[in-house]
Amino acid sequence: LFPYTTLFRSLRHGFQATKDDVWVTGHHSAGNALVQFLVRLLLHCGDAQAATAAPYACGVTSLLEADVAVGKVGLEYLERLPAASRVFTTHQMPHSLPCRPPEGWSQQHESMEQMLERHGVLLPPGVRAIHVVRDPRDSCVSLFHQVIAGDEGCRQWDVWAHAYADGAHMAWGGWLAQNCAWWHAHTRHPEQVLWISFEEIKQDAEAAVRRVARDRKSTRLNSSHDL
């Protein structure tokens, strides 16, 4: 499910996640970039200029694995990031996060999924994620216009809609499989995974911001003026 196999392996074996990292996950067109920037704002006391000027600002609009793939950032750069910039987004499932296993875990020629199963967990200990889910009908239309409709030779909506609904040929897994995997991780490890919907954010942005802040144990935004 990851197009750059060699790169994925380098992240899996070389990038060490920390307890302060925030992973913003979700299927394509779920609202990951919106939530990632929201978290950066929280970590910079609501200062949008500081949030965009801080290291790894390019990560607000793209996936961690994609940034490494095209050479925007490298492993050494990522490891030196300050805590307020360690907010990463990915479309991967819980067992496919682009980071190495926790220290002390012996891989024994196993996949990350097998290691997690052996340790009786669905996520590596210490990983904190905010999973964004969006109505699949809206995600399907949004992704169609982002990826497919811009290609003059590929504008068959009915073919796209059927492929999206089936999910078998979708990168990172289909909408249902990906969100089910993260829902299981959320219910199994609620202290590690915050589940939030794109529709919830649109309906009451202030409440959504406060919910994310509480989850991050942040008290930096404590008034409607700050929001």
Side-chain angles (χ1 to χ4, degrees), residues 17-67 73 78 81-94 96-99 123 127-143 146 171-173 175 178-183 185-187 189-222 224 226-227:
T18 74
K19 63 180 180 62
D20 294 320
D21 294 353
V22 182
W23 293 87
V24 180
T25 66
H27 203 262
H28 209 301
S29 298
N32 297 43
L34 172 65
V35 174
Q36 184 181 20
F37 187 62
L38 164 60
V39 175
R40 284 178 69 99
L41 280 174
L42 285 169
L43 296 174
H44 288 87
C45 304
D47 187 334
Q49 185 173 354
T52 53
Y56 194 49
C58 64
V60 174
T61 57
S62 54
L63 307 176
L64 170 63
E65 51 267 36
D67 287 337
V73 298
L78 293 171
L81 287 176
S85 292
R86 295 185 67 86
V87 185
F88 309 112
T89 189
T90 181
H91 298 321
Q92 299 292 337
M93 294 191 187
S96 298
L97 288 177
C99 59
L123 272 176
V127 167
R128 297 290 299 277
I130 301 173
H131 185 74
V132 190
V133 63
R134 186 181 184 185
D135 187 316
R137 296 168 297 183
D138 294 330
S139 291
C140 180
V141 173
S142 177
L143 188 56
Q146 289 181 51
W172 308 290
W175 184 96
Q178 201 250 28
N179 282 292
C180 281
W182 277 104
W183 175 254
H186 163 68
T187 55
H189 309 290
E191 74 287 353
Q192 289 183 255
V193 183
L194 172 67
W195 182 277
I196 193 167
S197 72
F198 181 80
E199 291 75 19
E200 176 184 349
I201 299 171
K202 286 186 63 178
Q203 182 176 2
D204 192 339
E206 181 174 330
V209 170
R210 294 189 183 281
R211 187 175 168 215
V212 171
R214 285 195 301 271
D215 179 74
R216 294 303 306 159
K217 295 182 173 57
S218 171
T219 58
R220 294 171 178 171
L221 295 185
N222 52 22
S224 59
D226 290 324
L227 295 171

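The NE2 atom of H186 sits 12.0 Å away from the CG atom of N179 when rounded to the nearest 0.5 Å. Taking OG of S85 as the reference point, atom CG of L78 lies at 10.5 Å (rounded to 0.5 Å). Note: L64 CG to Q92 CD = 10.0 Å, rounded to the nearest 0.5 Å. If you take CD on Q146 and OG on S139, they are separated by 9.5 Å, rounding to the nearest 0.5 Å. Going from atom CD of Q36 over to atom CG of L63 covers 9.0 Å, rounded to the nearest 0.5 Å. Separation of atoms NE2 (H27) and CE (M93) is listed at 7.5 Å; rounding is to 0.5 Å.
In this structure, the side chains of T187 and W195 stay at 4.5 Å or more apart for every pair of heavy atoms. With a 4.5 Å cut-off on side-chain heavy atoms, D138 and E199 count as touching. Using a 4.5 Å heavy-atom threshold, the side chains of F88 and D67 count as separate.
The minimum heavy-atom distance linking A54 with H44 is given by the pair CB-NE2, 3.4 Å. The two residues E65 and P98 make their nearest non-hydrogen contact at OE1-CG, 3.5 Å. When all heavy atoms of A48 and L41 are compared, the pair lying nearest together is CA-CD2, 3.4 Å. Between L43 and A84 the shortest heavy-atom distance is CD1-O, 3.7 Å. Residues L97 and L123 come closest through the heavy atom pair CD1-CD2, 4.0 Å. Taking all atoms of both residues into account, the shortest heavy-atom contact from I196 to A208 is CD1-CB, 4.1 Å.
Under a 3.5 Å cut-off, the side chain of T89 and the backbone N or O of A33 do not form any donor-acceptor pair. Proximity of a side-chain donor or acceptor of R134 to a complementary backbone N or O of F198 within less than 3.5 Å is not detected.
Within 6.0 Å of CD on Q49 lie no more than 12 heavy atoms contributed by other residues, nucleotides or ligands.
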Exercise. Run the numbers on Q178 and H131 for side-chain contact (heavy atoms from CB on, under 4.5 Å), then give the verdict.
Key: CA-CA 10 Å; Q178 201 250 28; H131 185 74; 3.4 Å; yes
Checklist line | Verdict with reasoning, R128 to D215, per side-chain contact (heavy atoms from CB on, under 4.5 Å) | finding: CA-CA 10 Å; R128 297 290 299 277; D215 179 74; 3.5 Å; yes
Residue pair V87, F37: steps toward the side-chain contact (heavy atoms from CB on, under 4.5 Å) verdict
CA-CA 9 Å; V87 185; F37 187 62; over 6 Å; no
Original post:
Passes side-chain contact (heavy atoms from CB on, under 4.5 Å), L81 versus R86? Steps please.
Top reply: CA-CA 6 Å; L81 287 176; R86 295 185 67 86; 3.8 Å; yes
